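For reference, the structure discussed in these notes is given below.
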Amino acid sequence: MDIKIIVAAHKPYRMPEDEMYLPVHVGAEGKESIGFQPDNDGENISSKNPNYCELTGMYWAWKNLKADYVGLAHYRRHFTAGSRCRDKWARIITKKELEKKLSQHDVLLPKPRNYLIESTYSHYAHAHHAVDLDTAREIIEEMYPEYIPAFDSAMKLTVGHRFNMFIMKREYFERWCEWIFSVLFELENRLDISSYSRNDARVFGFVAERLIDVWLMTNKVKYCDMPYVFMEKQNWLVKGWNFLKRKLKK
């Protein structure tokens, strides 16, 4: 199988050794080389990285990378085959392991997150700005009204796929990119983010995370959830406390 998984990175970092992984320097425009494939080569939106995050790498792959299967991972977050090995780097899925999965599934996604006491919409509203999703809904209603039932349903769920991670057969990758970027580019035209914090200004990457389930549901795309591993230690107590603070604050 011809598989390429781009690994989005903005700084030098250890990378998987398997040949199917392609480290991509996202937001490379105007920056010094870090030794990875820059996302400002060929047709690109590299300069939009502060607002689109890893999606500038996804766009670059869509327009410039030729492969039968395309995926997106992060330098600190990778898909695994479910191994419990203590060495996190040994747990990253290999091409041989992935080929077995892709022989059965055309779309692979990270296991969904469950916020338990928050819906997708309320969690976003507490963490960022509700107007982002409200405006996205307006755009979808105008451009793709058939997606609205799925949008409203997905916003009410407490579970959802996050991180903008995936591995897809080329056909699905093309369809996902065409749809999501048409929505996001229009959202960029309508939103005023001049007063947003540096984190909230990453709005288009955040919104895309919430819209992949809308796309999957509307198009009845069959997929398989995959485990993933964080390459660095996670402080879940701090994350949990910040989650509650955001909810109580708003």
Side-chain angles (χ1 to χ4, degrees), residues 3-10 13 15-16 18 20-24 26 52-59 61-62 67 69-85 88-95 97-116 118-120 123-124 127 150 154-155 157-170 172-173 175-177 179-180 202 204-219 221-236 239-240 243:
I3 308 169
K4 279 298 178 185
I5 299 177
I6 68 167
V7 184
H10 64 274
Y13 204 84
M15 289 289 164
D18 195 292
M20 73 174 173
Y21 289 99
L22 176 64
V24 172
V26 294
Y52 279 75
C53 313
E54 62 278 345
L55 297 188
T56 61
M58 186 172 93
Y59 187 93
W62 177 31
Y69 293 85
V70 180
L72 170 62
H74 299 265
Y75 71 100
R76 293 186 298 183
R77 191 182 296 113
H78 290 276
F79 287 104
T80 80
S83 169
R84 295 289 183 178
C85 176
K88 291 183 177 181
W89 290 96
R91 289 157 60 183
I92 298 174
I93 197 165
T94 64
K95 185 176 182 182
E97 292 169 330
L98 186 56
E99 285 179 335
K100 185 176 181 180
K101 281 286 185 182
L102 290 175
S103 68
Q104 302 170 338
H105 307 280
D106 290 332
V107 176
L108 304 176
L109 298 170
K111 285 188 174 180
R113 298 190 74 171
N114 192 333
Y115 294 105
L116 299 175
E118 288 267 45
S119 68
T120 291
H123 176 263
Y124 189 96
M155 292 303 111
L157 296 176
T158 59
V159 296
H161 296 95
R162 299 294 181 262
F163 312 131
N164 289 317
M165 289 175 62
F166 61 84
I167 302 169
M168 297 183 185
K169 192 173 184 178
R170 185 81 198 192
Y172 291 97
F173 176 57
R175 289 168 58 188
W176 166 233
C177 286
W179 186 77
I180 190 60
R202 299 163 65 195
F204 307 112
F206 294 148
V207 169
E209 289 183 89
R210 277 72 182 179
L211 293 187
I212 191 166
D213 286 316
V214 176
W215 179 77
L216 293 166
M217 293 164 66
T218 301
N219 294 286
V221 176
K222 295 181 179 180
Y223 59 87
C224 177
D225 290 331
M226 294 277 290
Y228 55 89
V229 60
F230 290 98
M231 307 315 294
E232 298 176 355
K233 188 176 180 179
Q234 299 291 299
N235 192 324
W236 294 108
K239 284 180 175 290
F243 170 78

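Keep in mind that this is a model prediction, so the values were computed, not measured.
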Donor-acceptor side-chain pairing of N164 and H74 below 3.5 angstrom: no
So which atom in D213 and which in G160 form the shortest heavy-atom distance, rounded to 0.1 Å? OD2-CA, 3.3 Å
Taking the side chain as C-beta and beyond, is there a heavy-atom pair between T158 and L116 under 4.5 Å? no
Are the side chains of H161 and L216 in touch, meaning some heavy atoms are under 4.5 Å apart? yes
Under the side chain to side chain contact (heavy atoms under 4.5 Å, CB included) criterion, do F166 and M58 qualify, and how do the steps go? CA-CA 10 Å; F166 61 84; M58 186 172 93; 3.4 Å; yes
Are any non-hydrogen side-chain atoms of Q104 and C224 less than 4.5 angstrom apart? no
Closest non-hydrogen contact found for A81 with P227 is C-CG, 4.4 Å
Full working for ring pair (Phe, Tyr, Trp, His ring centres under 6.0 Å) between Y59 and Y52: CA-CA 10 Å; Y59 187 93; Y52 279 75; 8.7 Å; no
Taking the side chain from K222 and the backbone from H105, do they hold a donor-acceptor pair closer than 3.5 Å? no
Counting the benzene-type ring for Trp, do F163 and Y228 have ring centres under 6.0 Å apart? yes
Donor-acceptor pair, T56 side chain versus V26 backbone, under 3.5 Å? no
When rounded to the nearest 0.5 angstrom, what distance separates CD1 in I93 from CD1 in I5? 7.5 Å
Which pair of heavy atoms, one from V7 and one from Y21, lies closest together, and at what distance? CG2-CD2, 3.8 Å
Nearest heavy atoms of L109 and M165, plus distance in Å: CD2-O, 3.7 Å
Would you compute the distance between atom CD1 of I3 and atom NZ of K95 and round it to the nearest 0.5 angstrom? 5.5 Å
Straight-line distance of R76 CZ to K88 NZ, nearest 0.5 Å: 11.5 Å
The reported gap from CZ in R210 to CG in L157 (rounded to nearest 0.5 angstrom) is 13.0 Å
Minimum heavy-atom distance I6-G57, with the two atoms named: CD1-O, 3.3 Å
Please report the shortest heavy-atom distance between F204 and L55, naming the atom on each side. O-CD1, 3.6 Å
Any chance the rings of F173 and W176 have centres within less than 6.0 Å? no
May I have all residue pairs that pass salt bridge (charged side-chain N to carboxylate O under 4.0 Å, His left out) and include part of residues 161-170, sequence neighbours excluded? R170-E174
Intermediate values then yes/no, side chain to side chain contact (heavy atoms under 4.5 Å, CB included), M155 and Y124: CA-CA 9 Å; M155 292 303 111; Y124 189 96; over 6 Å; no
Could you walk me through whether M168 and V107 pass the side chain to side chain contact (heavy atoms under 4.5 Å, CB included) test, one step at a time? CA-CA 5 Å; M168 297 183 185; V107 176; 4.1 Å; yes
Look only at the side chain of N219 and the backbone of V221, and say whether a donor-acceptor pair between them is shorter than 3.5 Å. no
When rounded to the nearest 0.5 angstrom, what distance separates NE2 in H123 from OH in Y115? 4.0 Å
Parallel, tilted or perpendicular: which one describes the rings of Y13 and Y75, with boundaries at 30° and 60°? perpendicular
Which distance, rounded to the nearest 0.5 Å, do you find between the CD of E209 and the CD of E54? 6.5 Å
Apply side chain to side chain contact (heavy atoms under 4.5 Å, CB included) to residues L108 and L98 and explain how you reach the verdict. CA-CA 10 Å; L108 304 176; L98 186 56; 3.4 Å; yes
Taking the side chain as every heavy atom from C-beta outward, state whether W62 and V70 have any atom pair closer than 4.5 Å. no
